[in-house]
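Reading through the structure tokens given below for one structure.
In listed order, ligands and their atoms are each counted from 1. This is a predicted model, so every value here is computed, not measured.
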Amino acid sequence: MPKGMEDFIKMKLAKEKIVMITAYDYVQAGIAGEAGADIVLIGDSLATTVQGRDNTIGVTLDEMIYHAKIVKSALKDTFVACDMPFMSYQVSTEQALTNAGKILKESGVNAVKIEGGEALAGTVKRLVESGIPVMGHTGLMPQFINVLGSYKVQGKIESQVKKLVNDAVALEDAGAFMIVLEAMPEEATLNVCSNINIPTIGIGAGRYTDGQVLVFYDAVGMLSQKPPKFVKKFADSRSLLINALKIYRDEVKSGIFPSKENIYK
Ligand code: KIV
């Protein structure tokens, strides 16, 4: 049985950090599971990391479900959440219910994640009342890129912090079981965390959240572009893989590969 929402509350109370990582395919999901992630997220970041888009706006519901199905199939015993993509839940509560239901039914994931705060509280409440666990996401919300203009740190001024706190409280009151806080100064994070009781997961939000999340490719150092300041590369997989493929190329060209061990009799 995967961990559930009550386990995450227990972990928060026991001050055991919750570890979340994104995954987009079967191999990554297996690796994340074997490494002991508490939660695996099919993030809509797959729009940029897998699909090579400029931002997360274009990824579709069906594409998210395709990846979610594959990830969940590798992770029977891990709690898996899936992002609802841009404009798959903002239009109306009915739209959110239909699409969140479709994600859960077709992929088997355990929860959905949505970006937003107080304005979506009514929607979150209906989803939760209908049996759909909801993870909130506030602070920097990448789906707001066309309003923000760039991916800016949020909560640098008092009025923003007040809004972040209001949004988090509204999400908790509506029944969200957890909130992702993205790109915030630690002081703002502390302010939000001290006003709610559900677990918080940070990404670029400092040390005081109940857990952390990173994008898989960032954590293992697979991307060519320089990662943002909050990322720690726990490996340099890109160099490792390029070197491996260079050796493969050289061995094919020189006739070293395939050798006797690689040939059927
Ligand atoms: O889309 C995503 O991968 C996310 C996480 C980074 C929180 O929302």
Side-chain angles (χ1 to χ4, degrees), residues 8 17-25 28-29 31-32 37-61 63-68 70-72 75 79-90 100 103 107 109-117 120 133-145 148 151-154 164 167-168 171 176-184 189 192 198-206 209-223 225 227-234:
F8 301 131
K17 293 282 187 183
I18 301 166
V19 178
M20 180 155 114
I21 185 85
T22 69
Y24 314 114
D25 67 35
Q28 284 182 336
I31 292 171
D38 297 305
I39 304 175
V40 171
L41 173 73
I42 299 99
D44 60 354
S45 53
L46 72 81
T48 55
T49 56
V50 175
Q51 299 178 327
R53 297 179 191 258
D54 291 339
N55 54 47
T56 58
I57 300 301
V59 64
T60 68
L61 183 69
E63 287 166 346
M64 291 303 297
I65 292 173
Y66 170 82
H67 287 276
I70 292 170
V71 166
K72 185 61 195 172
L75 292 171
F79 191 93
V80 178
C82 179
D83 265 338
M84 295 194 70
F86 182 63
M87 281 303 134
S88 70
Y89 57 97
Q90 293 93 337
I103 291 173
S107 70
V109 298
N110 308 95
V112 295
K113 176 164 82 58
I114 62 173
E115 294 181 11
L120 284 175
V134 178
M135 186 185 293
H137 180 152
T138 184
L140 172 62
M141 296 179 285
Q143 291 181 13
F144 284 75
I145 183 63
L148 295 171
Y151 296 119
K152 298 182 186 81
V153 174
Q154 302 294 301
L164 289 172
D167 283 341
L171 288 169
F177 70 96
M178 180 175 274
I179 304 179
V180 169
L181 302 176
E182 179 162 352
M184 291 160 53
T189 304
V192 170
I198 52 175
T200 53
I201 304 290
I203 174 159
T209 49
D210 301 300
Q212 296 290 327
V213 57
L214 280 177
V215 165
F216 187 100
Y217 290 128
D218 283 337
V220 302
M222 198 108 125
L223 302 175
Q225 61 271 36
K229 177 184 164 79
F230 63 80
V231 167
K232 181 170 176 181
K233 269 198 208 178
F234 294 90

Considering only heavy atoms of [X], which atoms of ligand 1 have at least one such atom less than 4.0 Å away?
X: Thr22; value: 3 (O)
X: His137; value: 8 (O)
X: Lys113; value: 4 (C), 8 (O)
X: Asp83; value: 1 (O), 2 (C), 4 (C), 8 (O)
X: Gly43; value: 1 (O), 2 (C), 3 (O)
X: Ile203; value: 6 (C)

When you compare the side chain of Leu214 with that of Phe234, does any pair of heavy atoms fall below 4.5 Å? yes

Is it true that the side chains of Gln28 and Tyr217 contain a donor and an acceptor less than 3.5 Å apart? yes

Looking only at protein heavy atoms, what sits closest to atom 4 (C) of ligand 1 is Leu41 CD2, 3.7 Å

Write out the residue and atom name of the closest protein heavy atom to atom 3 (O) of ligand 1, then the distance separating them to 0.1 Å. Ser45 OG, 2.5 Å

Interatomic spacing from [atom1] in [X] to [atom2] in [Y] - rounded to 0.5 Å:
X: Asp218; Y: Lys232; atom1: CG; atom2: NZ; answer: 14.0 Å
X: Met178; Y: Lys113; atom1: CE; atom2: NZ; answer: 12.0 Å
X: Thr138; Y: Leu171; atom1: OG1; atom2: CG; answer: 7.0 Å

Is the number of heavy atoms from other residues, nucleotides or ligands within 6.0 Å of NZ (Lys229) greater than 12? no

Is the number of heavy atoms from other residues, nucleotides or ligands within 6.0 Å of OH (Tyr66) greater than 12? no

I'd like to check whether Tyr24 has a polar contact with ligand 1, where a contact means an N/O of the residue lying under 3.5 Å from an N/O of the ligand. no

Contact (N/O only, under 3.5 Å) between Glu182 and ligand 1: no

